[in-house]
Every structure is written in C-alpha cells, then in structure tokens.
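In what follows, chains are A, B, ... by sequence order, proteins preceding strands, each numbered from 1. Values in this document were obtained by computation on a predicted structure and should not be read as measured data. We use all heavy atoms of the structure for the numbers below, so side chains are in, but hydrogens, waters and symmetry mates are not.
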There are 2 protein chains.
Amino acid sequence: MKSREETERRILEGVDRIIRTEGLGALGINAVAREAGVNKVLLYRYFGSREELIRAWALERHYWKDTLSANTPGDNRSWRERGAALFEGQMDRLFEDSTLREIIRWHISSEDPLSREIMDRVERDGQRVMESFSRFLEPEGDTEALVALLIGGIYYLTLVSDRTAVFNGIPLDREEGRNRLKRGVSRMAELIFRDTKEKKA
Amino acid sequence: MKSREETERRILEGVDRIIRTEGLGALGINAVAREAGVNKVLLYRYFGSREELIRAWALERHYWKDTLSANTPGDNRSWRERGAALFEGQMDRLFEDSTLREIIRWHISSEDPLSREIMDRVERDGQRVMESFSRFLEPEGDTEALVALLIGGIYYLTLVSDRTAVFNGIPLDREEGRNRLKRGVSRMAELIFRDTKEKKA
DNA sequence: ACATTATGTAACCAATCGGTTACAATGTCA
DNA sequence: TGACATTGTAACCGATTGGTTACATAATGT
C-alpha cells in the first residue's frame, strides 16, 4: 500500500517468474496477478492490457552480453578463434537463459506481431555483434548462409533441450552432452572460417 | 449421408487442411467440423476426442522419403557426397511440407505428450536413414554433435521461414535464399565429413 | 485534517473451449 | 416396407479467458 513503482516491479517479476517456470503459454492476466500477489485490476490500471504488459516485460530485458567486447587488451587470439568463442558463448547463454529460449519459442510458434517485435530486438543485438566481428574477416564462399545454419542449430538444440533428453545420440539434459555441443559449435565455426582471410586493417 | 469411411476421411482431410493453412494452434474441434463440412458430434462419435483425432491424423502420414534409397545402382558418388545430398534433401522436404514443420513447431512449443509421441515417430525414420548411412563412414571427431547442429539448423531455419522474411541477411521467402541455404547445408556436410574415412567393407 | 494516490473486493461481461445429450431426419440394404 | 446405420440440429454443461465496473479501504503527503 505504498509505492506504485514497486508494485509495478512486483508484477513484472511475476511475469518473469511465470515465463521462466511455465513458459509464455501460461502467461495469463489471472496467473500473473496470482503470482505477483496482486489484484488483477492493477494489471489493467498500470499496463492497460496483456499485450502491453508483455511488451513492458520484454523492454526491460537485455538480451545479449557482448561476448566480443570481453576482449582483454592482451588477447592475442586470432579472429577465427574469437569467432568460435563468440558462437560458443551464445549457446551457453541460451542454455542458461530460459526466458530467452521462451522468446524464441514464442516467435517460432505464434503469429502474434508482438513476438516479431520482441524477437527483432533480440536479434538486433546479435546482428550488431556479428557485424563488428565480421569487419575483421574477408568471407570466402557464402559465409552468411553457413553462419545462419550454425545460429539456427544453436537455437533449435537449446530449444529442444527443454523437451527431449536425447537428440541424435547427444544427451541434452546432461553437462556432458551440452559440452559436446559447445565444442561442436566451436569446431563448426572454425570450419566455416577456415578459408576466410583476416583483414589487415 | 452414406459411407462412414468417407466421412472419416473428409474429417481427416479437414484436419490436414487446417494444419497446413492455419497451423496446429487453430486445430479445434469446432474448426475441424466447420472445415470438413460435418457436424462436430461426428468427430466425437468416430474419433472419441480431440487427442485421438490428432493421433489418427498423424498416424496416417509418412514423414521421410528415404533420400538414401534413391541411390541408383550406377551411382558412383562418394559417401561424403551422398551424405551432403541427404541433408540437402531433408531441408528441401521441410521447406515443402508445411505440416511437417508444424509438427516440429508443436513439439518444440508444447508440453503435450502427444507431440512427443508423434515427433518420436518422425525422428525414428530419420534416425534409421542416418544409421544406414553412417555404416559406411568412420567418424573422426564428434560427428554426432556436428550432425545434430546441422539438423538443428535445418529445422530452425525452415521453421522461422514461416515467420521472418530475412534471417542473417538471407531471404528465406525467396528461392534464391533457400538455394543459398541448401548449398550451405551441402557445404557444411562436406566440412563435417571432410576428415572422415570411408569404410572398405 | 484533508485530498490524493494506491490497493483491494467481488460481481459481472461476452466469447471460446472441449465435450455431452436427446431427438429428429435422412440414406442404404435386405 | 421395415430395420439399421449414418448424419444432422440445437440446446446445454462447466471451465477459462481477457477485460470491465462500482465501490470500499488503506496509506501518504501537505
């Protein structure tokens, strides 16, 4: 009974908790109100509608830690190696962040324009990282297509890990299998950039 | 007003049509009855429930044309090349068959055990093809992980092509972009199997 | 002390969902 | 013609959904 700001925060935390534990499909106004320990009337008073509530939740999230910016000054790895680490880091991030997986799931599954809107935001960051990275490599062959496939593989396998324990012989539910995949991502990135020249500039 | 058999077929065709045009999410009993031009009471009389109706629809489908069995006797391609063609064929199949995409979408999105049941059936076929193929190659490195990533990439990109026109600079809605991806799949398969020995047997 | 803001309660709306029931109207076949 | 299977109509159930309304109760700041 005091700060509206804090109540709004509690509601958004309820949204986050529901998405993390039950998925976006379970995100109803009634469920959120229950989860946040708040009356559902407040959701409408403060956010207007279900859609705007979800949008508000999505906007306050940051989606990509810029793995590339974690370059220490004394980093003497080649850009090929850094690229491999970049993709591996993305897979790691996705395995850890269930809400991020849920957003991708949503985008793939629904026709809701809002899911596009949010997913665009997610990928804009990733795109920016990729661009700053590709400034140092001269692509050979259709690197764009190969990278698209690699990213897609990362997306799909992390998504399916919530549903299936084993995929193509790999135990997605165990650390061992996930490490095999991350090494696979790294290896595949190396294969993609194997014939790529490094720019001098 | 005559053959029960034909009416059941019309219902199943209605299911198929809805899934193909509006997706599995739109597959309600009322929608199917409307689409099939039949009273919804009949759906219950003949199939029992929504779940059994979907199961009946799924069971009468065949999911993978065995690309590998399309090997003509005079085929003198290496197994590496055949592997590349195999994956490329899978991507082609997925781009063409929207209901297959819808099944994968369903499996990724919902917790419904039925989706697992059906997806298992889908992948059992694919697994069988892969096994008969890998009998001729001695893997070097974690081929399983790399193949998993490739399949995942194929799955994700075909799924996302229903929602997004451009991914990582590739126009998913145009023949040109899809061909780039298919060539990419082929190329990636070659990269994966580059260091793989062919068995003599 | 008073007005303002924040929060709550509870009933209510219209729509949709999967599913059921009772009964009437057809068509088919012997 | 009569028996039987097939199809249809239409009302109904209980549950859930997103969303609204009217009104009462607290806490806050000045």
Asks: Between C:dG18 atom P and B:Glu52 atom CD, what is the distance in whole Å?
Replies: 15 Å
Asks: Using atom types as modelled, flag every donor-acceptor pair under 3.5 Å from a side chain in residues 165-175 of chain B to any protein atom, sequence neighbours excluded.
Replies:
residue	atom	partner	partner atom	Å
B:Asn168	ND2	A:Glu144	O	3.0
B:Arg174	NH2	B:Glu176	OE1	3.1

Asks: Identify whether the distance between the nearest side-chain nitrogen and carboxylate oxygen of B:Glu102 and B:Arg105 falls below 4.0 Å.
Replies: yes
Asks: Got a second to check how far B:Leu12's CG is from B:Trp57's CH2, nearest 0.5 Å?
Replies: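 Atom-to-atom, B:Leu12:CG and B:Trp57:CH2 are 10.0 Å apart.
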Asks: Counting only side-chain nitrogens and oxygens, does B:Asn30 get under 4.0 Å of the OP1 or OP2 atom of C:dG18?
Replies: yes
Asks: Closest nucleotide of DNA chain C for A:Gly37 versus for B:Arg34: which of these residues is on the 5' side?
Replies: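 Closest to the 5' end, via its nearest nucleotide, is A:Gly37.
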Asks: So, A:Arg55 and A:Glu51, do they make that salt bridge, N to O below 4.0 Å?
Replies: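 Judged by the 4.0 Å cut-off on N to carboxylate O distance, A:Arg55 and A:Glu51 do form a salt bridge.
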Asks: Holding to side-chain contact (heavy atoms from CB on, under 4.5 Å), I want the full list of residues that pass it with B:Arg34, two or more places apart in sequence or in another chain.
Replies: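 Listed in chain order: B:Asn30, B:Ala31.
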Asks: By nearest atom, which of the nucleotides D:dT7, C:dG18, D:dG8 is closest to the B:Arg4 side chain?
Replies: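 Per side-chain heavy atoms of B:Arg4, the pick is D:dT7.
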Asks: Take atom CD of B:Glu8 and atom P of D:dA5, then tell me their distance rounded to the nearest Å.
Replies: 15 Å
Asks: Please give me every residue in residues 40-51 of chain B whose heavy atoms get under 4.0 Å of an atom in DNA chain D, ordered by residue number.
Replies: B:Val41, B:Leu42, B:Arg45, B:Tyr46
Asks: Could you please name the option among D:dG18, D:dT6, D:dT9 that lies closest to any side-chain atom of B:Asn39?
Replies: D:dT9
Asks: With a 4.0 Å cut-off, would you call A:Glu88 and A:Lys182 a salt bridge?
Replies: no
